[in-house]
Amino acid sequence: KMAAPSAPRPPRPRKDPQPLVIPRSAAEEQRLRLERLMRNPEKTVPIPEKLNEWAPRPPPEFVRDVMGSSAGAGSGEFHVYRHLRRREYQRQDFMDAMAEKQRLDEEFQKKLERNKMIAEEQTAKRRRKRQKLKEKKLQAKKNKLEQKKQGK
């Protein structure tokens, strides 16, 4: 037997077909994305969180399979050694990269500080010059007033 026919569903509202636009530049792509977001301002916008930087796996607390120094290692030991060596090289490269990044950050901060000091010195120099001119004008004005008083 067939099931009893249920009430017909109302037709879904049709969306207007959007024209296909291929962005030609990064600015145009950003504009299109903004337009799409602004079509429905009530809708929440997903903001991606900052990805954590890759860091090597910390060394194990307890090493179970310690390789012995005696001869006669099995054929599988080379692969274990190779993985350990690769991981150690990765860790050293990471530490070197972090040290380089830290050095560059420090250099950048020093450069910013130096530029700030130079800018402050220039500003102070120009301020002194402006103040000097201002005082000169005031003095000239006072002298002119005194000459007028003496002339009368």
Side-chain angles (χ1 to χ4, degrees), residues 13-152:
R14 291 209 155 206
K15 291 183 181 176
D16 293 332
Q18 297 294 323
L20 177 65
V21 180
I22 299 170
R24 288 181 170 76
S25 66
E28 196 174 336
E29 184 177 349
Q30 198 169 22
R31 183 179 56 75
L32 289 170
R33 284 184 181 176
L34 271 173
E35 285 174 1
R36 197 176 89 219
L37 284 173
M38 292 311 288
R39 273 188 218 131
N40 188 359
E42 285 79 41
K43 188 176 176 183
T44 58
V45 179
I47 299 172
E49 291 183 24
K50 185 183 172 202
L51 294 173
N52 291 338
E53 214 170 90
W54 179 85
R57 199 163 60 185
E61 293 288 321
F62 181 78
V63 180
R64 296 188 193 291
D65 303 323
V66 179
M67 282 189 247
S69 58
S70 62
S75 60
E77 295 302 310
F78 170 71
H79 301 293
V80 173
Y81 163 74
R82 188 182 58 176
H83 289 302
L84 287 173
R85 186 182 63 179
R86 184 183 56 79
R87 197 171 294 143
E88 179 61 17
Y89 285 159
Q90 242 182 358
R91 189 182 70 83
Q92 287 177 355
D93 288 343
F94 175 76
M95 286 169 41
D96 290 344
M98 290 305 290
E100 179 68 14
K101 185 179 176 187
Q102 193 173 7
R103 185 185 66 79
L104 289 172
D105 283 347
E106 285 172 7
E107 277 182 20
F108 179 70
Q109 290 300 325
K110 284 179 186 174
K111 189 175 179 181
L112 278 181
E113 199 66 36
R114 200 174 331 121
N115 287 350
K116 197 174 179 181
M117 289 291 292
I118 290 169
E120 283 177 12
E121 286 171 10
Q122 286 289 331
T123 305
K125 188 177 177 182
R126 290 180 181 141
R127 187 184 301 121
R128 283 193 301 270
K129 194 173 180 180
R130 283 195 307 269
Q131 200 66 34
K132 215 177 193 180
L133 282 170
K134 203 174 182 181
E135 287 172 9
K136 216 176 192 181
K137 281 184 182 179
L138 279 172
Q139 193 63 39
K141 204 173 186 181
K142 282 181 185 177
N143 289 343
K144 198 174 185 182
L145 283 173
E146 283 185 24
Q147 283 178 359
K148 275 189 178 180
K149 283 182 184 179
Q150 287 176 2
K152 285 186 179 178

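Numbers here are sequence positions counted from 1.
- Taking each heavy atom of Pro48 and Pro46 in turn, the nearest pair found is CD-O, 3.6 Å.
- For the atom pair CG (Leu138) and CG (Leu133), the distance works out to 11.0 Å, reported to the nearest 0.5 Å.
- Side chains of Gln90 and Phe94 form no contact here, defined as non-hydrogen atoms less than 4.5 Å apart.
- A distance of 10.5 Å separates OG1 in Thr44 from CG in Leu37, rounded to the nearest 0.5 Å.
- Separation of atoms CZ (Phe78) and NE2 (His83) is listed at 9.5 Å; rounding is to 0.5 Å.
- Here the CD-CD distance, from Glu146 to Gln150, works out to 6.5 Å after rounding to the nearest 0.5 Å.
- Among pairs with a residue in residues 102-115, those fulfilling side chain to side chain donor-acceptor pair (under 3.5 Å) read Glu100-Arg103, Arg103-Glu107, at least two apart in sequence or across chains.
- Glu28 is listed as a side-chain neighbour of Arg31, based on a closest heavy-atom distance under 4.5 Å.
- Applying the 6.0 Å contact sphere to CD1 of Ile22 captures no more than 12 heavy atoms from other residues, nucleotides or ligands.
- No more than 12 heavy atoms of other residues, nucleotides or ligands sit less than 6.0 Å from atom CZ of Arg24.
- When the shell of 6.0 Å around CZ of Arg57 is examined, it contains 12 or fewer heavy atoms from other residues, nucleotides or ligands.
- Counting non-hydrogen atoms of neighbouring residues, nucleotides and ligands closer than 6.0 angstrom, the CZ atom of Arg39 exceeds 12 such neighbours.
- With rounding to the nearest 0.5 angstrom, the CG atom of Leu84 is 10.0 Å from the CD atom of Glu77.
- Separation of atoms CG (Asn143) and CD (Gln147) is listed at 6.5 Å; rounding is to 0.5 Å.
- When the options Lys132, Arg128, Arg127, Lys134 are evaluated for a side-chain contact (heavy atoms from CB on, under 4.5 Å) with Arg130, the one that passes is Arg127.
- In this structure the side chain of Glu121 never reaches within 4.5 angstrom of the side chain of Lys125, judged on heavy atoms.
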